[in-house]
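Accompanying notes for the structure given below.
The shown structure was predicted, so the numbers you read here are calculated from the model rather than taken from an experiment. Note: hydrogens, waters and symmetry copies are ignored here, and every other heavy atom, side chains too, is used. Order of listing sets the numbers, starting from 1, for every ligand and every atom in it.
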Amino acid sequence: MTESRAFPRFPAGFVFGAATASYQIEGAAREDGRGPSIWDTYSHAPGLVANGDTGDIACDHYHRYPEGVALLRELGVDSYRFSIAWPRIVPDGSGPVNPKGLDFYARLVDELLAAGIEPAATLYHWDLPQALEDRGGWRVRETAERFAEYTAVVAGHLADRVPRWITLNEPWCSAFLGYSVGRHAPGAREGRGALAAAHHLLVGHGRAVEALRAAGVREAGITLNLDRNLPATGSAADRAAVVRADTQHNLVWTEPLLAGRYPHTEEETWGELITGQDFRRDGDLALIGQPLDFLGINYYRPIVVADAPHREPDPALRTATDNRYAEVRLAGARHTAMDWPVVPDSFTDLLVALKERYGDALPPIHITENGSAEHDEVSPDGAVHDRDRVAYLRDHLTALKAALDAGVDVRGYYVWSLLDNFEWAFGYGKRFGIVRVDYDTQRRTPKDSYHWYRAMIAAQRD
Ligand code: FCB
């Protein structure tokens, strides 16, 4: 059997892409008028990011973007998903716009278009201007308004050249890792503050969609990291824990976005934290639930959930993620360098279940991230034979094709990530790239997974 026959086959017009995010690759943190973001503050605080790593230099993509675009062209992708750093555009979060920041993204977009690659821009991949966090961050509604203003500026500048726009990347991480677990910037551990953040992120999304429509963009959507939560056992307690996990990870986003309501399970999930939600206003659901052209989904792994007692019995100290469930290690599965289990079937199941739940209210889907961190080694010949990552990508693309065959309308797939990069609280120790980055020399080396993905894309066009 030739290798190409082993590739899953996707319908004509299916979009293949690669993804990155601003803070993870750009560096140039203090250049050309960029203001500080919450991730600059968080990564510079002692002890929060592994190895004391920061995004100050990262992959130096701010200066080396032509090399990035050349790698994308050689890869043969249809589209490149990148994110725009809000603090490059509006350094203080409100007020003056920084023309040099806009210029950088205009140059990147022009370079992509010249290479025949469609840009897909994410407006918020977690780098909130620090000045806005100082005024309350996503806990306060004002941040949603500033987000809409920033969106209008960027879309006004780039809407003619960027067809696909993503408002927020994984708001679950912004709200809950950022304001409840404290493992992401700004590192808060709160109850109602995190729930208010979740709501204001959705309001910000709705206001940004309005701004994108006003600018006449072709496609507007949002990216969620929906989770497949599996019960550790068949017990009633574990199944109830799955409901609480589902509420926090999935329903808090999909119900307002796709069904025009708040999750009916929120009281059993958050108890008194969600009562008297004074941050919600009349009209918010209509704003949040505006029709979308696509839903972005990032998928990496399933989560096995077990019932667990309250970690914090004092209600005053309860965070929003003290939902009385714990993650259990999945026996028998291979685990990646993130210690995430590899279960491609659950990718298919997630998409099919979403279609079953929302039916025609589900917009077309783009998989905006999928990939794996592995323990890469550079061989004596300089190559990176990342067989585990190749297997991961092949098996997940095959699982994705199974979802298409089951009737789920998926239009595109973006591998995470083009380059090894700053993996948030894990720093540079976790490598997700299909291209290796040597952080001492900034040398880029395509790994075997890059060559495999390239051949897979080429095979679609045979
Ligand atoms: C997602 C993020 C992305 C990257 C991958 C591994 O949660 O959107 O920036 O860190 O995980």
Side-chain angles (χ1 to χ4, degrees), residues 17-27 37-39 42-43 48-50 53-55 58-59 61 68 80-86 120-128 166-181 183-185 198 201 205 221-228 248-250 253 295-303 321 327 335-342 347 350 366-376 386 388-389 392-393 396 413-435 437 447 449:
T20 63
S22 49
Y23 190 73
Q24 296 180 275
I25 64 166
E26 284 179 1
S37 82
I38 55 175
W39 270 98
Y42 188 88
S43 64
L48 296 181
V49 173
D53 290 342
T54 75
C59 307
H61 173 77
Y80 172 53
R81 174 180 179 234
F82 60 96
S83 83
I84 295 174
W86 186 351
T122 305
L123 286 156
Y124 186 68
H125 203 124
W126 309 347
D127 37 7
L128 183 72
I166 294 159
T167 55
L168 305 176
N169 177 70
E170 301 191 357
W172 178 83
C173 295
S174 303
F176 294 115
L177 291 183
Y179 290 92
S180 177
V181 180
R183 282 295 285 154
H184 276 189
L201 281 152
H205 156 78
I222 185 172
T223 281
L224 304 175
N225 53 322
L226 298 179
D227 276 318
R228 183 86 182 141
Q248 185 202 115
H249 286 268
N250 302 330
W253 317 108
L295 175 66
I297 295 179
N298 295 350
Y299 176 83
Y300 291 92
R301 53 147 176 179
I303 296 181
T321 41
E327 262 184 68
H335 285 68
T336 70
M338 296 294 281
D339 212 22
W340 292 348
V342 180
F347 190 17
L350 175 97
H366 279 273
I367 304 305
T368 38
E369 289 179 25
N370 174 247
S372 72
E374 304 293 350
H375 300 287
D376 294 336
D386 55 341
D388 286 339
R389 186 176 291 104
Y392 182 99
L393 296 178
H396 282 78
Y413 172 94
Y414 293 78
V415 68
W416 183 270
S417 179
L418 176 67
L419 303 172
D420 288 338
N421 60 51
F422 176 80
E423 178 48 33
W424 309 112
F426 296 93
Y428 296 100
K430 304 292 181 204
R431 292 178 177 271
F432 274 90
I434 57 172
V435 174
V437 176
K447 304 177 189 176
S449 53

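- Counting only distance, with no hydrogens or angles, the side chain of Glu423 and the backbone of Tyr428 share no donor-acceptor pair below 3.5 Å.
- Side-chain contact annotation: Tyr23 with Ser43, donor-acceptor N/O pair under 3.5 Å present.
- Atom numbering of ligand 1 starts at 1 in the shown order; those under 4.0 Å from a heavy atom of Gln24 are 3 (C), 4 (C), 9 (O), 10 (O).
- Considering only heavy atoms from C-beta on, Asn298 stays 4.5 Å or farther from Trp172 through its side chain.
- Under the salt bridge (Lys or Arg N to Asp or Glu O under 4.0 Å) test applied with Asp420, the options Lys430, Lys447, Arg389 reduce to a single match, Lys447.
- Remark: the Ser83 side chain and the Ser22 side chain contain an N/O donor-acceptor pair separated by less than 3.5 Å.
- With ligand atoms numbered from 1 in the order given, ligand 1 contributes 3 (C), 4 (C), 9 (O), 10 (O) to contacts under 4.0 Å with heavy atoms of Trp424.
- Among protein heavy atoms, atom 5 (C) of ligand 1 sits closest to Tyr300 OH, 3.3 Å.
- In terms of protein heavy-atom proximity, atom 7 (O) of ligand 1 is nearest to Glu170 OE1, 2.5 Å.
- Ligand 1 places these atoms under 4.0 Å from at least one heavy atom of Trp126: 2 (C), 7 (O), 8 (O).
- For the pair His125 and ligand 1, a heavy-atom separation below 4.0 Å is found.
- Between the side chains of Thr223 and Thr368, at least one donor N or O sits under 3.5 Å from an acceptor N or O.
- Of all protein heavy atoms, the one lying nearest to atom 10 (O) of ligand 1 is Glu423 OE1, 2.7 Å.
- Of all protein heavy atoms, the one closest to atom 3 (C) of ligand 1 is Glu369 OE1, 3.3 Å.
- Applying the 4.0 Å criterion to heavy atoms of Phe432 picks out, from ligand 1, the atoms 6 (C).
- With a 4.0 Å cut-off on non-hydrogen atoms, Asn169 touches ligand 1 through its side chain and not its backbone.
- Ring orientation note: the planes of Trp86 and Tyr124 are nearly perpendicular, at an angle over 60° on the 30°/60° scale.
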